[in-house]
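Worksheet for the structure shown next.
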Amino acid sequence: MLSSLRSTALALGLALLALPAQAFDTSAKAAYVLDQTTGTVLLSKEPDQPLPPASMSKLMTLYVAFEALRDGRLTLDERLPVSEHAMSYGGSTMFLNTQDRVRVEDLLRGIIVLSGNDACAVIAEALSPDGTEAGFSRYMTQRAQQMGMQNSNFANSNGWPAAGHMMSVRDLATLADRLIADFPEYYPLFAEEEYEFDGRAPSNTRNRNPLLKLGIGADGLKTGHTVEAGYGLVGSAKQGDRRVIFVLTGLESTGRRAEEAEAIVNWSFRHFVEKTLAKADTPVAQADVWMGAERSVGLVPAQDLSLLLPILSGKSVEAEVVYEGPVNAPVTKGQQLAELVIKPEGLPEIRRPLVASQDVPLGGFVIRMMTVAGIVLDDIINGPLEAM
């Protein structure tokens with residue numbers, strides 16, 4: 001059998017009576033917007049470029065801490081000591097000292113609301129394989145790679161400027177997605193607007209997230225700023241049944257960060273609509289089957305295919321089914337055979353798997369002989385085919 005890459009063009013029709021959505025023109029150095037509900041990427045600017053993440057990388061420290069709480073390696077009421085190293089951090093801190101033994105819950109709030117560099121180091125040293133922040137940083141890098149974050153490398157626990165401490169905006173969005181999905185019991189901490197830790201830092205009690213008070217559904221996650229990184233924000237907002245996660249970095253001021261973040265949330269919710277493009281039980285194409293009891297098999301989505309798409313004006317969404325074929329029999333219902341490549345106007349390409357709609361057993365002796373005879377006859381008439 002000679003197999004080749006097959007493709008079938010489709011037009012997935014959407015009768016929507018509105019103007020096309022315009023791409024968001026961001027002044028951020030890099031940006032990424034993900035509709036978490038459907039997994040649709042709405043905006044992608046320099047998504048995989050490793051950049052200094054500043055305090056946004058504290059989200060990775062928090063993720064590892066939440067894992068430790070889940071696994072019983074930490075408890076919220078456990079009190080952790082403060083080392084000279086942790087106390088030495090400047091910038092945004094909880095003003096911890098070596099006489100303190102601080103509850104884990106207070107440290108978590110100190111990281112989320114107060115952006116405490118010292119609090120991160122305390123957590124890091126408690127969970128580090130070798131008791132050092134450097135060892136914890138190496139562990140975070142390995143854990144990030146396991147989570148699919150391929151453009152992240154950590155030199156410390158808090159985003160303090162350091163050579164090689166980098167994350168991409170796609171990785172930050174992946175991390176935010178995992179925090180929300182994996183730890184719903186802790187995620188409400190990110191919406192806290194104020195936290196006072198025993199009154200010792202009255203100038204550092206407010207959450208720096210500029211969206212929390214605006215009534216647009218914003219409920220997390222983390223701001224960041226250094227001279228090298230500029231101003232950034234990993235944010236999330238929920239309106240109705242939809243949740244959007246976004247990452248902005250490299251902006252020039254707190255004011256610009258606030259304006260850009262609010263605009264991107266409004267754009268994400270106002271200019272897109274969720275549509276079901278294909279049903280799980282309805283074939284979108286047919287794949288040829290080699291030596292099967294049937295000559296073809298239907299290709300269906302593994303589940304109803306819903307995507308967030310720009311509001312179009314009576315247009316169809318371009319799509320293509322791609323598979324290596326013909327497919328060898330036997331075929332099992334639910335077996336992945338192809339990929340649906342969707343090309344919505346103004347958005348990144350979207351790929352979703354297609355599976356067999358039914359079983360196709362191996363054909364009987366007569367069918368197999370007829371297939372072989374057909375190939376031999378075609379070779380005699382047209383000459384042998386060359387492999388593609």
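Both backbone and side-chain heavy atoms feed into the values below; hydrogens, waters and symmetry mates do not.
Heavy-atom minimum distance, G39 versus R352: O-NH2, 3.8 Å. Scanning both residues, G159 and H165, for their nearest heavy atoms gives CA-NE2, 3.6 Å. Of all heavy-atom pairs between T249 and P52, the closest is OG1-O, 4.3 Å. The heavy-atom pair separating A356 from L337 by the smallest distance is CB-CD1, 3.7 Å. Listed here is the closest heavy atom pair of Q36 and D177: NE2-OD1, 2.7 Å.
For R257 and E252, the salt-bridge test fails: no basic side-chain N is under 4.0 Å from an acidic carboxylate O.
Two residues are said to be in side-chain contact when any heavy atoms from C-beta on lie closer than 4.5 Å; L211 and V265 meet this criterion. Considering only heavy atoms from C-beta on, R73 stays 4.5 Å or farther from E78 through its side chain. A heavy-atom distance below 4.5 Å is found between the side chains of L42 and W267. Counting only heavy atoms from C-beta outward, the side chains of L107 and R103 never approach each other to under 4.5 Å. V284 has its side chain within reach of L354: a pair of non-hydrogen atoms, C-beta onward, lies under 4.5 Å apart. The side-chain heavy atoms of V327 and W290, taken from C-beta on, include no pair separated by under 4.5 Å. Within the 4.5 Å cutoff, side-chain heavy atoms of S27 are placed close to those of E260. L76 is listed as a side-chain neighbour of L108, based on a closest heavy-atom distance under 4.5 Å.
In this structure, a donor-acceptor pair under 3.5 Å is absent between the side chains of S44 and R170. In the model, S55 has a side-chain atom that pairs as donor or acceptor with a side-chain atom of K58 under 3.5 Å. Using a 3.5 Å distance cut-off with no hydrogens or angles, the side chains of S306 and T38 do not pair a donor with an acceptor. Looking only at atom types and distance, the side chain of T332 has no donor-acceptor partner in the side chain of D359 under 3.5 Å away.
Listed by first then second residue, pairs satisfying ring-ring contact (aromatic ring centres under 6.0 Å, His included) with a partner in residues 326-358 number zero, not counting sequence neighbours. Note on residues 147-164: no pairs pass salt bridge (charged side-chain N to carboxylate O under 4.0 Å, His left out), not counting sequence neighbours. Applying the salt bridge (charged side-chain N to carboxylate O under 4.0 Å, His left out) definition to pairs two or more places apart or across chains, those involving residues 209-227 are D219-R243. Within the structure, the salt bridge (charged side-chain N to carboxylate O under 4.0 Å, His left out) test picks out the following pairs touching residues 23-40 (sequence neighbours left out): D35-R242. The salt bridge (charged side-chain N to carboxylate O under 4.0 Å, His left out) analysis of residues 112-137, with sequence neighbours excluded, yields the pairs D130-R138.
Through chains of ILVMFWY side-chain contacts below 4.5 Å, V355 is grouped with V300. Listed by chain and number, the hydrophobic cluster partners of Y89 are W160, where partners are ILVMFWY side chains within reach of under 4.5 Å, directly or through others.
With E349 as the partner, the side chain to side chain contact (heavy atoms under 4.5 Å, CB included) test is satisfied by one option alone out of V41, V341, I342: V341.
Under the ring-ring contact (aromatic ring centres under 6.0 Å, His included) criterion, Y231 pairs with H225, sequence neighbours left out. Legend: residues meeting ring-ring contact (aromatic ring centres under 6.0 Å, His included) with F136, ordered by chain and number and at least two apart, are absent. With sequence neighbours left out, F183 forms a ring-ring contact (aromatic ring centres under 6.0 Å, His included) with Y63, F66. Checked against ring-ring contact (aromatic ring centres under 6.0 Å, His included), Y187 has the following partners two or more places apart in sequence or in another chain: F190.
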Donor-acceptor contacts, no H, no angles, side chain residues 196-203, under 3.5 Å, sequence neighbours left out:
residue	atom	partner	partner atom	Å
D198	OD1	R200	N	3.3
D198	OD1	R200	NE	3.0
D198	OD2	R200	NE	3.1
D198	OD2	R200	NH2	2.8
R200	NH1	F95	O	2.9
R200	NH1	D100	OD2	2.8
R200	NH2	D100	OD1	3.1

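More than 12 heavy atoms of other shown residues, nucleotides or ligands fall within 6.0 angstrom of atom CG in D71. No more than 12 heavy-atom neighbours from other residues, nucleotides or ligands sit within 6.0 angstrom of CD on Q303.
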From CA spacing to verdict: side-chain hydrogen bond (donor to acceptor under 3.5 Å, both in side chains), S152, D171: CA-CA 7 Å; S152 294; D171 283 358; 2.8 Å; yes
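Proximity of a side-chain donor or acceptor of S296 to a complementary backbone N or O of D288 within less than 3.5 Å is not detected.
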